[in-house]
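This one's a predicted model, so the numbers in the text were calculated from it and none came from an experiment.
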Amino acid sequence: MDQNQEFAVAQMRRSIHQLGGDTQGFGEPTLMRFLIARSMDPAKAAKMFVQWQTWRKSFVPNGRILESEIQDELNFEKIGLQGSSRNGYPIVIVRGGKHYPSKDQLQFKKFVVYLLDTAIESGFRGKETGKEKIVAILDLQEVCLKNIDARGLITGFQFLQ
């Protein structure tokens, strides 16, 4: 990390604390990810980080979505982790033919968060990199109209942001 990046991270930390957030447990790689998302503007990155922290605390109060909270979604077996790519990124297989629009949108949102958290954690290997990536393979075999879920796609892309 160069001096400009170190300075931006330090400014961002100060801004986060002024906004009532906390950076404990988050290293420079994670803070850099927010800075990059906000064009290296520490104030905007800090605001985004605090909003994310607030959302995360309310949506995932125990720090993790429990399988018991999303059992209906897990029963479809539409997503699976399949090891790592050559570059060490987790591989996720999405079986489109096993997906059906959810009647419980809150459970589906929790399922997406659970999936992303599980996939990212499998690629961490105990160290924070700030470049958490996932390789996703979409299997469209046996997909038909009943599997199309515009709301589910929108939800997935919102969480990826």
Asks: Can you confirm whether R33 sits close enough to T30 that some side-chain heavy atom of one is under 4.5 Å from a side-chain heavy atom of the other?
Replies: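 When only atoms from C-beta onward are counted, T30 and R33 do touch, with a gap below 4.5 Å.
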Asks: Cluster question for you: counting only ILVMFWY and a side-chain heavy-atom cut-off of under 4.5 Å, with indirect links fine, are L106 and L66 together?
Replies: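 The answer is no; the residues belong to distinct hydrophobic clusters.
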Asks: Within the structure provided, determine whether I137 and V94 are in side-chain contact (heavy-atom separation under 4.5 Å).
Replies: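 Of all side-chain heavy-atom pairs linking V94 with I137, none is under 4.5 Å.
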Asks: Quick one: closest heavy-atom pair of S102 and D149, and the distance?
Replies: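 Between these two residues, the closest heavy atoms are N-OD2, 4.2 Å.
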Asks: Would you say L115 and F59 are hydrophobically clustered, going by side-chain heavy atoms of ILVMFWY under 4.5 Å?
Replies: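 Linked, L115 and F59 end up in one cluster.
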Asks: May I ask you to test the K78-E73 pair for a side-chain heavy-atom distance under 4.5 Å?
Replies: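 Contact flag for K78/E73 side chains = yes.
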Asks: Are W52 and I65 joined in one hydrophobic group, where the rule is that I, L, V, M, F, W and Y side chains link up if heavy atoms are under 4.5 Å apart?
Replies: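 Yes, W52 and I65 fall within the same hydrophobic cluster.
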Asks: Between V50 and G21, which heavy-atom pair has the shortest distance, and what is it?
Replies: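 Smallest interatomic distance, heavy atoms only, reads CG2-CA, 4.1 Å.
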Asks: Quick test of your reading: applying side chain to side chain donor-acceptor pair (under 3.5 Å), list the pairs with at least one residue in residues 105-119, sequence neighbours left out, ordered by first then second residue.
Replies: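 Only R56-D117, R64-T118, E67-Y114, E69-K110 qualify under side chain to side chain donor-acceptor pair (under 3.5 Å).
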Asks: Could you check whether any side-chain heavy atom of Q53 comes within less than 4.5 Å of a side-chain heavy atom of F26, counting everything from C-beta outward?
Replies: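 The answer is yes, as the side chains (C-beta and beyond) meet within the 4.5 Å cut-off.
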Asks: Mind checking whether I70 and W55 sit in one hydrophobic cluster, side chains of I, L, V, M, F, W, Y counted as touching below 4.5 Å?
Replies: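 Same cluster.
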Asks: Mind checking whether P101 and R151 have side chains closer than 4.5 Å, heavy atoms only?
Replies: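 Answer no - side chains too far apart.
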Asks: Go through L116 and I134 one step at a time and tell me if the side chain to side chain contact (heavy atoms under 4.5 Å, CB included) criterion holds.
Replies: CA-CA 9 Å; L116 293 172; I134 300 170; 3.9 Å; yes
Asks: Which heavy atom in L138 sits nearest to a heavy atom in G96, and how many Å separate them?
Replies: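 The answer is CD1-N, 4.5 Å.
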Asks: Within the structure provided, determine whether D41 and L35 are in side-chain contact (heavy-atom separation under 4.5 Å).
Replies: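 Counting from C-beta outward, D41 and L35 never come under 4.5 Å.
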Asks: Give me the atom names and distance for the closest heavy-atom approach of V143 to G97.
Replies: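 Smallest interatomic distance, heavy atoms only, reads CG2-N, 3.5 Å.
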Asks: Could you work out, with side-chain contact (heavy atoms from CB on, under 4.5 Å) as the rule, every residue matching L153, not counting sequence neighbours?
Replies: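 L153 satisfies side-chain contact (heavy atoms from CB on, under 4.5 Å) with F157 once adjacent residues are dropped.
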Asks: Measuring only between side-chain heavy atoms, which start at C-beta, is I93 closer than 4.5 Å to I91?
Replies: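 SC-SC contact between I93 and I91 confirmed.
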Asks: About how many Å separate CG of N147 and CD of E142, when rounded to the nearest 0.5 Å?
Replies: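 Reported value, rounded in 0.5 Å steps: 9.0 Å.
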Asks: For the residue pair D22 and H17, confirm or rule out a side-chain donor-acceptor distance under 3.5 Å.
Replies: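 Side chains of D22 and H17: no pair found under 3.5 Å.
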Asks: Which atoms form the tightest heavy-atom contact between E77 and R95, and what is the distance?
Replies: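 That would be O-NH1, 3.5 Å.
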Asks: With a 3.5 Å cut-off and sequence neighbours excluded, list the donor-acceptor pairs that the side chains of residues 4-15 form with protein atoms.
Replies:
| residue | atom | partner | partner atom | Å |
| --- | --- | --- | --- | --- |
| Q5 | OE1 | D2 | N | 3.2 |
| R13 | NH1 | T23 | OG1 | 3.1 |
| S15 | OG | Q11 | O | 3.2 |

Asks: Mind checking whether I79 and V92 have side chains closer than 4.5 Å, heavy atoms only?
Replies: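 Contact flag for I79/V92 side chains = yes.
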Asks: Hey, would you say the F111 and H99 ring centroids sit under 6.0 Å apart?
Replies: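 Between H99 and F111, which both carry aromatic rings, the centre distance is not below 6.0 Å.
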Asks: Look at the side-chain heavy atoms of Ile, Leu, Val, Met, Phe, Trp and Tyr, link any pair under 4.5 Å apart, and say whether F76 and L74 land in one connected group.
Replies: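 The answer is no; the residues belong to distinct hydrophobic clusters.
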Asks: Which heavy atom in S58 sits nearest to a heavy atom in P61, and how many Å separate them?
Replies: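 For S58 and P61, the tightest heavy-atom pair comes out as O-CD, 3.8 Å.
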